[in-house]
Amino acid sequence: MRTWSADYLTGPDPDLGRDGPVCPYVGPSLRRDLMWVGRVSGVHPWPAYVRLVVEDALEVFERLPPEQGGGAVLRSLVTTLPDLRDFSLIDDLHDELKTRFVERGFMLGQFYPGCKEPGLWNKDYHPLDSPIPMIVVRTMMATDFPFLLGRPEWMAAYVKKFAPGLPAHVRHVVVGRLTASADIDVPAYQLQSEQGSAALGSRNGSPVHAGPRKAS
(Lines give C-alpha, C1' and ligand atoms only; values in the text may rest on other atoms or scores of the structure.)
Protein backbone atom coordinates (compact mmCIF):
# COMPACT_ATOMS: atom_id res chain seq x y z
CA MET A 1 0.00 0.00 0.00
CA ARG A 2 2.75 2.44 0.93
CA THR A 3 4.85 1.55 -2.11
CA TRP A 4 1.93 2.09 -4.50
CA SER A 5 0.99 5.35 -2.79
CA ALA A 6 4.52 6.73 -2.69
CA ASP A 7 5.67 5.56 -6.13
CA TYR A 8 2.49 5.92 -8.18
CA LEU A 9 -0.03 8.27 -6.56
CA THR A 10 2.55 10.96 -5.86
CA GLY A 11 3.90 11.00 -9.42
CA PRO A 12 2.53 12.05 -12.83
CA ASP A 13 0.77 9.78 -15.29
CA PRO A 14 0.57 10.64 -19.00
CA ASP A 15 -2.98 9.25 -19.18
CA LEU A 16 -4.25 11.35 -16.29
CA GLY A 17 -5.24 14.30 -18.49
CA ARG A 18 -3.51 17.01 -16.46
CA ASP A 19 -0.09 17.90 -15.08
CA GLY A 20 1.03 17.05 -11.58
CA PRO A 21 0.74 13.95 -9.39
CA VAL A 22 -2.09 11.45 -9.71
CA CYS A 23 -3.30 12.60 -6.29
CA PRO A 24 -1.79 15.85 -4.97
CA TYR A 25 -2.86 15.07 -1.40
CA VAL A 26 -1.14 11.71 -0.97
CA GLY A 27 2.42 13.06 -0.74
CA PRO A 28 1.63 15.56 2.06
CA SER A 29 -0.50 12.93 3.78
CA LEU A 30 2.34 10.42 3.84
CA ARG A 31 4.87 13.00 5.01
CA ARG A 32 2.62 13.94 7.92
CA ASP A 33 1.62 10.35 8.74
CA LEU A 34 -2.07 11.06 8.08
CA MET A 35 -2.86 7.87 6.17
CA TRP A 36 -4.17 5.04 8.31
CA VAL A 37 -4.32 1.52 6.85
CA GLY A 38 -6.10 -1.55 8.17
CA ARG A 39 -6.41 -5.07 6.81
CA VAL A 40 -9.18 -7.63 6.45
CA SER A 41 -7.66 -10.97 5.54
CA GLY A 42 -9.17 -13.93 3.73
CA VAL A 43 -10.08 -14.79 0.15
CA HIS A 44 -13.76 -14.98 1.11
CA PRO A 45 -14.26 -12.67 4.09
CA TRP A 46 -17.69 -12.73 5.67
CA PRO A 47 -19.59 -9.82 4.01
CA ALA A 48 -21.41 -8.88 7.22
CA TYR A 49 -18.07 -8.59 9.02
CA VAL A 50 -16.55 -6.41 6.30
CA ARG A 51 -19.66 -4.23 6.44
CA LEU A 52 -19.14 -3.76 10.19
CA VAL A 53 -15.51 -2.80 9.57
CA VAL A 54 -16.53 -0.14 7.04
CA GLU A 55 -19.29 1.16 9.31
CA ASP A 56 -16.74 1.40 12.11
CA ALA A 57 -14.44 3.34 9.76
CA LEU A 58 -17.12 6.03 9.50
CA GLU A 59 -16.99 6.61 13.25
CA VAL A 60 -13.20 6.24 13.56
CA PHE A 61 -12.38 8.58 10.68
CA GLU A 62 -14.26 11.47 12.25
CA ARG A 63 -12.01 11.27 15.32
CA LEU A 64 -8.66 10.95 13.56
CA PRO A 65 -6.33 13.88 14.21
CA PRO A 66 -6.20 16.63 13.21
CA GLU A 67 -9.94 17.26 13.29
CA GLN A 68 -9.52 20.91 12.31
CA GLY A 69 -7.23 22.97 10.09
CA GLY A 70 -5.56 22.26 6.78
CA GLY A 71 -4.25 18.89 7.88
CA ALA A 72 -7.79 17.56 8.28
CA VAL A 73 -8.25 17.27 4.50
CA LEU A 74 -5.09 15.13 4.24
CA ARG A 75 -6.48 12.34 6.40
CA SER A 76 -7.48 9.03 4.88
CA LEU A 77 -8.53 5.71 6.37
CA VAL A 78 -7.88 2.71 4.14
CA THR A 79 -9.35 -0.76 4.66
CA THR A 80 -7.39 -3.20 2.51
CA LEU A 81 -8.60 -6.67 1.55
CA PRO A 82 -5.41 -8.01 -0.07
CA ASP A 83 -6.62 -11.62 -0.44
CA LEU A 84 -10.05 -10.79 -1.89
CA ARG A 85 -10.80 -12.06 -5.39
CA ASP A 86 -14.51 -11.29 -5.76
CA PHE A 87 -14.50 -7.50 -6.03
CA SER A 88 -18.30 -7.32 -6.20
CA LEU A 89 -18.21 -7.22 -2.39
CA ILE A 90 -16.45 -3.86 -2.53
CA ASP A 91 -18.89 -2.48 -5.10
CA ASP A 92 -21.88 -3.71 -3.09
CA LEU A 93 -20.64 -2.14 0.14
CA HIS A 94 -19.78 1.09 -1.64
CA ASP A 95 -23.27 1.31 -3.14
CA GLU A 96 -24.91 0.50 0.17
CA LEU A 97 -22.91 2.77 2.47
CA LYS A 98 -21.82 5.75 0.37
CA THR A 99 -24.83 7.87 1.33
CA ARG A 100 -24.06 7.56 5.05
CA PHE A 101 -20.51 8.79 4.48
CA VAL A 102 -21.51 11.62 2.16
CA GLU A 103 -24.09 12.89 4.65
CA ARG A 104 -21.24 13.30 7.16
CA GLY A 105 -19.08 15.20 4.67
CA PHE A 106 -16.86 12.25 3.71
CA MET A 107 -16.24 10.25 0.54
CA LEU A 108 -16.16 6.46 0.30
CA GLY A 109 -14.01 5.10 -2.52
CA GLN A 110 -13.90 1.61 -3.99
CA PHE A 111 -10.50 0.53 -5.32
CA TYR A 112 -9.56 -2.81 -6.83
CA PRO A 113 -7.68 -4.26 -9.80
CA GLY A 114 -9.57 -3.48 -13.00
CA CYS A 115 -12.01 -0.96 -11.52
CA LYS A 116 -13.49 0.92 -14.49
CA GLU A 117 -14.70 4.11 -12.80
CA PRO A 118 -13.58 7.03 -15.04
CA GLY A 119 -11.35 9.91 -14.02
CA LEU A 120 -12.28 13.58 -13.86
CA TRP A 121 -9.80 14.74 -16.47
CA ASN A 122 -9.90 11.77 -18.82
CA LYS A 123 -12.87 9.41 -18.93
CA ASP A 124 -10.60 6.67 -20.33
CA TYR A 125 -8.31 6.90 -17.31
CA HIS A 126 -9.28 4.71 -14.35
CA PRO A 127 -7.94 6.18 -11.09
CA LEU A 128 -9.58 3.52 -8.89
CA ASP A 129 -7.71 0.67 -10.58
CA SER A 130 -5.35 -0.34 -7.76
CA PRO A 131 -2.99 -3.28 -7.20
CA ILE A 132 -4.94 -4.51 -4.17
CA PRO A 133 -8.64 -4.20 -3.24
CA MET A 134 -9.44 -1.49 -0.72
CA ILE A 135 -12.16 0.79 0.59
CA VAL A 136 -11.01 4.34 1.31
CA VAL A 137 -12.54 7.03 3.49
CA ARG A 138 -11.47 10.63 2.99
CA THR A 139 -12.81 14.15 3.40
CA MET A 140 -15.20 15.43 0.74
CA MET A 141 -13.55 18.00 -1.54
CA ALA A 142 -15.09 20.65 -3.77
CA THR A 143 -13.85 18.75 -6.83
CA ASP A 144 -16.02 15.76 -5.85
CA PHE A 145 -19.03 17.50 -7.41
CA PRO A 146 -19.24 15.17 -10.47
CA PHE A 147 -19.34 12.09 -8.23
CA LEU A 148 -22.30 13.38 -6.21
CA LEU A 149 -24.81 14.33 -8.88
CA GLY A 150 -26.31 10.85 -8.99
CA ARG A 151 -28.64 11.34 -6.01
CA PRO A 152 -30.38 14.38 -4.51
CA GLU A 153 -29.23 13.47 -0.99
CA TRP A 154 -25.59 13.48 -2.14
CA MET A 155 -25.94 16.88 -3.72
CA ALA A 156 -27.77 18.16 -0.64
CA ALA A 157 -24.80 17.13 1.49
CA TYR A 158 -22.36 18.71 -0.98
CA VAL A 159 -24.23 22.03 -1.09
CA LYS A 160 -24.61 22.03 2.69
CA LYS A 161 -20.85 21.56 3.14
CA PHE A 162 -19.60 24.02 0.54
CA ALA A 163 -22.36 26.63 0.57
CA PRO A 164 -23.23 26.92 4.26
CA GLY A 165 -24.20 30.55 3.87
CA LEU A 166 -27.08 29.74 1.53
CA PRO A 167 -30.54 29.67 3.16
CA ALA A 168 -32.06 26.21 3.39
CA HIS A 169 -34.79 26.96 0.85
CA VAL A 170 -32.16 28.17 -1.65
CA ARG A 171 -30.09 25.02 -1.16
CA HIS A 172 -33.21 22.96 -1.81
CA VAL A 173 -33.82 24.72 -5.12
CA VAL A 174 -30.16 24.33 -6.18
CA VAL A 175 -30.21 20.61 -5.46
CA GLY A 176 -33.50 20.21 -7.31
CA ARG A 177 -32.13 21.91 -10.41
CA LEU A 178 -28.88 19.92 -10.36
CA THR A 179 -30.60 16.56 -10.03
CA ALA A 180 -33.64 17.20 -12.23
CA SER A 181 -32.48 14.64 -14.80
CA ALA A 182 -31.24 11.20 -13.84
CA ASP A 183 -29.23 10.68 -17.05
CA ILE A 184 -27.42 14.01 -17.26
CA ASP A 185 -23.82 14.22 -18.36
CA VAL A 186 -21.37 15.31 -15.71
CA PRO A 187 -18.53 17.62 -16.76
CA ALA A 188 -15.04 16.25 -17.04
CA TYR A 189 -12.27 18.77 -16.50
CA GLN A 190 -10.54 19.88 -19.69
CA LEU A 191 -8.17 22.69 -20.57
CA GLN A 192 -9.53 25.54 -22.66
CA SER A 193 -8.12 28.74 -24.08
CA GLU A 194 -8.27 32.01 -22.16
CA GLN A 195 -11.14 33.16 -24.37
CA GLY A 196 -13.32 30.13 -23.58
CA SER A 197 -16.74 31.21 -22.38
CA ALA A 198 -17.42 27.99 -20.48
CA ALA A 199 -14.54 28.40 -18.05
CA LEU A 200 -15.22 26.97 -14.62
CA GLY A 201 -11.88 27.59 -12.98
CA SER A 202 -8.19 27.55 -13.73
CA ARG A 203 -5.16 25.32 -13.46
CA ASN A 204 -1.68 26.75 -13.80
CA GLY A 205 -3.22 29.90 -15.24
CA SER A 206 -5.32 28.05 -17.84
CA PRO A 207 -9.12 28.01 -17.51
CA VAL A 208 -10.94 24.74 -17.21
CA HIS A 209 -14.20 23.90 -18.94
CA ALA A 210 -16.71 21.11 -19.05
CA GLY A 211 -16.79 18.06 -21.29
CA PRO A 212 -19.23 15.16 -20.89
CA ARG A 213 -18.92 12.22 -18.55
CA LYS A 214 -21.52 10.18 -16.75
CA ALA A 215 -22.18 10.43 -13.04
CA SER A 216 -20.93 7.51 -10.96
Side-chain angles (χ1 to χ4, degrees), residues 16-18 23-25 51 54-55 57-62 64 67-68 70 72-79 90-111 115-128 134-192 196-203 207-216:
L16 183 60
R18 61 162 172 79
C23 180
Y25 299 99
R51 186 182 191 278
V54 178
E55 289 178 329
L58 175 59
E59 305 304 325
V60 171
F61 182 78
E62 207 164 28
L64 292 177
E67 297 179 32
Q68 304 292 332
V73 301
L74 299 177
R75 299 174 301 171
S76 62
L77 180 57
V78 183
T79 301
I90 292 181
D91 282 330
D92 291 344
L93 289 173
H94 175 264
D95 292 343
E96 178 187 355
L97 300 174
K98 178 177 176 177
T99 296
R100 292 176 55 182
F101 283 79
V102 169
E103 288 175 344
R104 301 270 282 269
F106 309 135
M107 295 296 290
L108 186 67
Q110 76 278 37
F111 292 75
C115 184
K116 298 300 184 183
E117 288 296 320
L120 286 177
W121 291 85
N122 176 7
K123 64 182 179 61
D124 296 320
Y125 176 75
H126 307 293
L128 306 186
M134 64 186 83
I135 301 175
V136 179
V137 186
R138 62 171 176 80
T139 300
M140 184 190 298
M141 309 294 286
T143 51
D144 289 320
F145 172 85
F147 302 121
L148 300 172
L149 270 173
R151 296 186 186 177
E153 60 267 31
W154 296 349
M155 278 310 306
Y158 178 90
V159 172
K160 181 179 180 181
K161 180 178 178 69
F162 294 107
L166 291 178
H169 69 282
V170 175
R171 294 201 300 264
H172 179 74
V173 170
V174 170
V175 171
R177 293 289 182 87
L178 290 171
T179 58
S181 174
D183 59 352
I184 55 177
D185 283 334
V186 179
Y189 298 135
Q190 299 175 356
L191 294 183
Q192 181 175 288
S197 60
L200 299 177
S202 64
R203 179 178 63 85
V208 172
H209 79 102
R213 72 181 293 277
K214 290 291 185 182
S216 59

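The first residue of the sequence shown is numbered 1, and numbering continues consecutively from there. Predicted, not measured: the structure shown is a model, and the values here were computed from it.
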Inset, instruction - List the atom of Glu103, the atom of Ala157, and the distance in Å for their closest heavy-atom pair. - result: CA-CB, 4.1 Å
Legend entry - Shortest non-hydrogen separation from Glu117 to Pro127 and the atoms involved: O-CD, 3.5 Å
Inset, instruction - Go through the structure and list residues passing side-chain hydrogen bond (donor to acceptor under 3.5 Å, both in side chains) with Arg100, not counting sequence neighbours. - result: Glu55
Legend entry - Partner set under side-chain hydrogen bond (donor to acceptor under 3.5 Å, both in side chains) for Thr139, not counting sequence neighbours: none
Legend entry - For Glu62, side-chain hydrogen bond (donor to acceptor under 3.5 Å, both in side chains) partners two or more places apart: Arg104
Legend entry - Considering all heavy atoms, the nearest Phe145-Met155 contact: CE1-CE, 3.6 Å
Legend entry - Euclidean distance, Trp154 CH2 relative to Leu149 CG, rounded to 0.5 Å: 10.0 Å
Inset, instruction - Just jot down the side chain to side chain contact (heavy atoms under 4.5 Å, CB included) partners of Asp95, sequence neighbours excluded, or say none. - result: none
Legend entry - Shortest non-hydrogen contact from Leu16 toward Tyr125: CD1-CE2, 3.3 Å
Inset, instruction - Kindly write out the residues that satisfy side chain to side chain contact (heavy atoms under 4.5 Å, CB included) with Ala163, not counting sequence neighbours, or none if the list is empty. - result: Val159, Leu166
Legend entry - Spacing of CG belonging to Leu74 relative to CG belonging to Leu64, to within rounding of 0.5 Å: 12.5 Å
Legend entry - Ala156: partners by side chain to side chain contact (heavy atoms under 4.5 Å, CB included), with sequence neighbours left out: Val175
Legend entry - Nearest non-hydrogen partners of Ala57 and Val137, listed with the distance: CB-CG2, 4.2 Å
Inset, instruction - Output all residues satisfying side-chain hydrogen bond (donor to acceptor under 3.5 Å, both in side chains) with Arg75, sequence neighbours left out; order by chain, then residue number. - result: none
Inset, instruction - To the nearest 0.5 angstrom, please state how far the CG atom of Leu120 sits from the CG atom of Asp144. - result: 8.0 Å
Legend entry - Residues which pass ring-ring contact (aromatic ring centres under 6.0 Å, His included) with Phe101, listed by chain and number, not counting sequence neighbours: none
Inset, instruction - With sequence neighbours excluded, tell me which residues meet ring-ring contact (aromatic ring centres under 6.0 Å, His included) with Tyr25. - result: none
Legend entry - Pairwise side chain to side chain donor-acceptor pair (under 3.5 Å) hits with a residue in residues 155-166, at least two apart: none
Legend entry - Nearest-0.5 Å distance, CG of residue Leu97 to CD1 of residue Ile135: 8.0 Å
Legend entry - With Phe61 via ring-ring contact (aromatic ring centres under 6.0 Å, His included) - residues at least two apart: Phe106
Legend entry - Non-hydrogen atoms of Gln110 and Asp91 that approach each other most closely: CG-OD1, 3.5 Å
